[in-house]
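Let me begin by presenting the structure, written as structure tokens, before commenting on it.
Note that ligands are numbered from 1 as they come in the structure, with each ligand's atoms numbered from 1 the same way. Nothing fancy with the numbering, it's 1 onward along the sequence. Heavy atoms only: backbone and side chains are in, while hydrogens, waters and symmetry mates are out.
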Amino acid sequence: MKKVTKAAALVLTMAMMVSTLVACGDSADATTDAANTETTASDDAAAETAGTEAEASDTTAMTKTEGVITFGTNAEFPPFEFVASSGVIDQYDGIDMAIAKQIAEENGMTAAVENMEFDSLLIALQNGQIDAAIAGMTVTEERLESVDFSTPYYTATQVMIVKEDSDIASAADMADKKICVVQGYTGEICVKDMGYPYEAFKKGTEAVMELVNGKCDVVVIDSATAQKYISDNEGLKIVEDSAAFESEEYAIAVKKGNTALLDMINKAIEAKLADGTISELGVKYTEETTIE
Ligand code: ARG
């Protein structure tokens with residue numbers, strides 16, 4: 001079993017490398033299938049247990065605390081999650097936080113947030129510290145090996161933030177430049193796959209400060225967050241390169257096999273995509289950031 005899993009993981013990793021060489025971040029569609037067929041015996045058992053318990057006693061089995069969905073996030077990623085003086089869930093605000101609150105409340109539950117480093121989210125899911133991770137998280141093959149993802153709710157792409165007078169016009173122009181990324185984000189994976197040296201920071205704001213202070217030439221980060229940073233800081237612009245950075249999809253992650261919670265989340269996400277709630281939230285939080 002272990003050998004098979006390892007081999008499958010290797011194949012997936014290789015597949016990811018190939019796809020990211022051609023089109024960085026373009027991983028969601030192709031990978032969902034691969035991951036679904038990769039279900040192991042223990043996953044099946046876990047799924048069955050979760051399903052049975054959920055049928056027997058409704059929402060009790062799917063979360064660590066009855067009646068509460070504990071969402072993990074990294075509130076350093078506007079407009080999806082950020083700390084505000086008064087947010088939708090405690091001090092946490094943003095598109096993801098609004099979605100999380102609605103999912104919980106529509107199912108007669110409450111939403112709690114645990115704010116942590118982005119890198120810690122998948123581990124926190126696996127060890128049961130959180131029930132779901134909502135963090136503008138891109139579905140990737142590597143992440144699908146350790147968690148299950150919901151129906152995607154947002155499409156994004158990596159972009160380059162540069163100074164207004166920069167001569168960087170495409171990803172290839174980063175070749176001899178100092179590149180900054182955020183540790184563990186898909187932007188880091190893209191730059192790594194392109195083979196360029198880079199410096200990784202803990203937070204997007206730190207990478208952008210480095211750019212503002214002239215200590216780096218370009219920050220590679222997700223599009224909507226980049227938009228927020230250029231509206232907050234004068235003298236910056238966004239450069240897109242859709243050939244180098246293709247689309248990524250954000251989804252909510254749950255522990256592998258927690259099908260009861262995943263089904264509930266999927267139903268809510270699908271309804272919110274269909275009735276326009278998610279695009280309204282997108283507009284709301286994007287306009288708020290522009291007005292500021
Ligand atoms: N979409 C990117 C990724 O999945 C960045 C997400 C960062 N999210 C956050 N809440 N800090 O890697």
Side-chain angles (χ1 to χ4, degrees), residues 16 19-20 23-29 31-32 35 70-84 87-100 111 113-125 130 132-150 152-161 179-194 198 200-208 219-229 238 240 245-254 278 281-282 285 289:
M16 181 176 75
S19 83
T20 49
C24 187
D26 182 23
S27 52
D29 295 343
T31 60
T32 314
T70 305
F71 287 94
T73 197
N74 168 256
E76 296 283 348
F77 198 62
F80 294 93
E81 42 267 332
F82 50 92
V83 175
V88 288
I89 307 172
D90 306 328
Q91 71 269 44
Y92 304 110
D93 209 354
I95 299 168
D96 284 346
M97 299 298 100
I99 293 174
V113 168
E114 283 208 24
N115 189 22
M116 60 186 75
E117 288 194 357
F118 186 74
D119 273 351
S120 306
L121 286 167
L122 298 191
I123 298 154
L125 264 183
I130 56 173
I134 183 162
M137 189 181 279
T138 304
V139 181
T140 70
E141 280 133 356
E142 206 188 341
R143 292 171 184 166
L144 274 164
E145 284 170 23
S146 51
V147 294
D148 288 341
F149 277 101
S150 70
Y153 60 90
Y154 191 89
T155 304
T157 183
Q158 297 300 308
V159 299
M160 295 167 280
I161 312 178
I179 306 170
C180 288
V181 298
V182 187
Q183 195 179 307
Y185 286 17
T186 38
E188 178 182 17
I189 300 168
C190 286
V191 172
K192 194 187 270 175
D193 285 347
M194 288 171 180
Y198 60 84
F201 291 82
K202 284 246 176 238
K203 299 177 178 183
T205 46
E206 290 171 4
V208 170
V219 175
V220 176
I221 197 161
D222 301 53
S223 39
T225 304
Q227 202 63 51
K228 165 69 178 158
Y229 289 143
I238 287 176
E240 291 176 27
F245 306 111
E246 278 198 1
S247 62
E248 302 185 11
E249 294 192 303
Y250 295 171
I252 300 172
V254 300
I278 293 185
L281 285 172
Y285 282 101
T289 50

So, for Ala207 and Val219, which heavy atoms are closest and what is the spacing to 0.1 Å? O-CG2, 3.5 Å

Minimum heavy-atom separation for Phe118 and Arg143, please, with both atom names. CE2-NH2, 3.4 Å

Using the ring of each side chain (for Trp, its six-membered ring), is Phe80 parallel, tilted or perpendicular to Tyr250, with breaks at 30° and 60°? perpendicular

Residues in side chain to side chain contact (heavy atoms under 4.5 Å, CB included) contact with Ala133, at least two apart in sequence or another chain: Leu121, Leu125, Ile130, Met137, Ala253

Sorted by chain and residue number, the side chain to side chain donor-acceptor pair (under 3.5 Å) partners of Asp148 (sequence neighbours excluded) come out as none

Which residues pass the side chain to side chain donor-acceptor pair (under 3.5 Å) test with Lys202, sequence neighbours left out? Glu117

Under 4.0 Å from ligand 1, counting heavy atoms only: the protein residues, by chain and number: Asn74, Phe77, Glu81, Phe118, Ala135, Gly136, Met137, Thr138, Arg143, Gly184, Tyr185, Thr186, Asp222, Tyr250

